Amino acid sequence: MKIYRIAVIPGDGIGKEVVPAAIEVLDKIAQLDGSFKFEWTTFPWGCDYYLETGKMMPDDGIEILRGYDQIFLGAVGMPDLVPDHISLWGLLIKIRREMKQSINVRPAKLLQGLPSPLRNPNNFDFVVVRENSEGEYSESGGRMHSGQDEIAIQNAIFTRKGTERAMRYAFEMAKTRRQHVTSATKSNGLTYSMPFWDDVFAEVAKDYTTIGHTTNHIDALAAFLVMKPENFDVIVASNLFGDILTDLGGAIMGSIGIAPAANLNIERDYPSMFEPVHGSAPDIAGKGIANPLGQIWTGKMMLDFLGHQELGSKVLNAMEATLAQGIKTGDLGGTATMREVTDAILNQLS
Ligand SMILES: NC(=O)C1=CN([C@@H]2O[C@H](COP(=O)(O)OP(=O)(O)OC[C@H]3O[C@@H](n4cnc5c(N)ncnc54)[C@H](O)[C@@H]3O)[C@@H](O)[C@H]2O)C=CC1
Ligand SMILES: CC(=O)C(=O)O
Ligand SMILES: [K+]
Ligand SMILES: [Mn+2]
């Protein structure tokens, strides 16, 4: 029997709740299929670990993770106790970079059984391909002086390699979908990085003559995602723009608590990392009311990446059937607990 060895990092807040729920669903799928099983190894890394040791993960954490097939992560952050730039850069972003997970794939679509908060959602179905290794998220810059003289500089780093890689990935994905790529730019405000981004997009588009392509400024694009989300197929965006657009993608589905994500090492040299779009949600942590659907859908993306697309579809169908039964957590306007939603999905699968 095939065994997938998965490193599990529940992280902080609701990550500790939704990750075990999604693991139950994935174990159930594996058991139904019978040809493989998951072997989960959980690491207690995150803000509690930081408060005890001064580090978000041990020094050999990356080495340890490299020994696994994939990584399944919840969320990172306890903003009242650890500054967010320390917690995220010490664990989540560190893993993304050290594992060369250069592409972050984040789908959003109108789900059956779940009304969108939009009046005219028109059956939208798009995927954001977010550049995941550079861009506006950089360690280049600094702070100096204090008081009225204080200065902060944050450089954005755009390489041809990283930019082109994200764009080619988006065009290849469009081939398997509705044949269109939209590029998120802001070349009217950012005078170097985004004109460069636009140039690379135009060059890459020439290699894909059968795929339609459009460029939108990020501000207008955000508005279009509310007004006519059905117009989009694949959207390619820089690290920060993609981050923002994908919380919006979650919101127009119904809640950011359902949006999934996959941080992919497309060369498959290192493990990829599967973690939902949402954060640790300190406002609802520990109450048993977190929506597990984002983490479960993220598990579906891991199944797809492992080559089990049919099983992945089963997971999404079970989620939609559960929503259609009206079994929803509070963020979706329901009254169900996380346990009840998880049990309903497990029932759908049996
Ligand atoms: N990938 C990651 O690990 C991320 C970590 N964070 C971190 O998480 C912490 C909180 O950040 P926020 O900006 O508040 O974003 P957040 O995504 O944690 O929460 C935003 C809002 O959405 C709700 N929400 C999120 N996920 C939900 C779920 N599964 N079910 C029901 N409601 C849900 C929360 O209750 C909150 O009201 C911070 O430390 C932040 O840095 C934020 C985003 C991503
Ligand atoms: C940090 C964050 O919000 C994200 O990567 O989505
Ligand atoms: K997350
Ligand atoms: Mn985000």
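As the structure lists them, so they are numbered: ligands from 1, and atoms in each ligand from 1. Please read all numbers here as calculations on a predicted model, not as lab measurements.
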### Within reach of ligand 2, part of Ile93 (heavy-atom separation under 4.0 Å)
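Under 4.0 Å from ligand 2, Ile93 contributes no heavy atoms.
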### Task
Specify side chain, backbone, both or neither for Arg96, according to which of its non-hydrogen atoms lie closer than 4.0 Å to ligand 2.
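Side chain only.
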In plain terms, say whether [X] and [Y] are close enough for a salt bridge, that is, a side-chain N and a carboxylate O under 4.0 Å apart.
X	Y	value
Arg339	Glu24	yes
Lys314	Asp33	no
Glu203	Arg160	yes
Glu320	Lys109	no

### Query
Crowded around Glu267 CD? As in, over 12 foreign heavy atoms under 6.0 Å?
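Result for CD/Glu267: enclosed.
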### Message
Taking atom CD as the centre, does Gln112 end up with more than 12 heavy-atom neighbours from other residues, nucleotides or ligands that are less than 6.0 angstrom away?
### Response
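No, not enclosed.
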Main chain of [Y], side chain of [X]: is a donor-acceptor contact present, judged purely on distance under 3.5 Å?
X	Y	value
Arg177	Asp125	yes
Gln154	Ser138	yes
Glu52	Tyr49	no
Trp197	Lys186	no

### Task
With heavy atoms of Arg130 as the reference, note each atom of ligand 2 found under 4.0 Å away.
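The list of qualifying atoms is 4 (C), 5 (O), 6 (O).
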### Query
Should you measure from each heavy atom of Arg106, which atoms of ligand 2 turn up under 4.0 Å away?
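By the 4.0 Å cutoff, the relevant atoms are 4 (C), 5 (O), 6 (O).
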### Query
Between Tyr137 and ligand 2, is there a nitrogen or oxygen pair with a distance under 3.5 Å?
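Not met; the criterion fails.
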### Message
Aromatic contact between Tyr4 and Phe72, with the criterion being ring centroids under 6.0 Å apart: yes or no?
### Response
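No, ring centres 6.0 Å or more apart.
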### Query
Between Tyr208 and His213, is the gap from one ring center to the other below 6.0 Å?
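No, too far apart.
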#### Entry: Under 4.0 Å from ligand 1, counting heavy atoms only: the protein residues, by chain and number
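Contacting ligand 1 under 4.0 Å are Ile14, Ala75, Val76, Gly77, Pro79, Asp84, Leu88, Leu92, Ile256, Gly257, Glu275, Val277, His278, Gly279, Ser280, Ala281, Pro282, Asp283, Ile284, Ala290, Asn291, Asp331.
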### Query
What protein N, O or S atoms come within a distance below 3.4 Å of the K ion (ligand 3), ordered by chain and number?
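Listed by chain and number: Gly74 O, Glu275 OE1, Pro276 O, His278 O.
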### Query
Is there a heavy atom in Glu275 that sits closer than 4.0 Å to ligand 2?
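Per 4.0 Å heavy-atom rule, Glu275 does not contact ligand 2.
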### Options Asp243, Val277, Asn263, ranked by nearest heavy atom to atom 3 (O) of ligand 2, top entry
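Selected option, by shortest heavy-atom distance: Asp243.
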### Query
In terms of residue, atom name and distance, what is the protein heavy atom nearest to atom 1 (C) of ligand 2?
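Scanning the protein heavy atoms, the shortest distance from atom 1 (C) of ligand 2 goes to Leu88 CD2, 3.3 Å.
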### Query
Any cation-pi pair here, Arg97 with Tyr137, using under 6.0 Å and within 45°?
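The answer is no, since Arg97 fails at least one limit relative to Tyr137.
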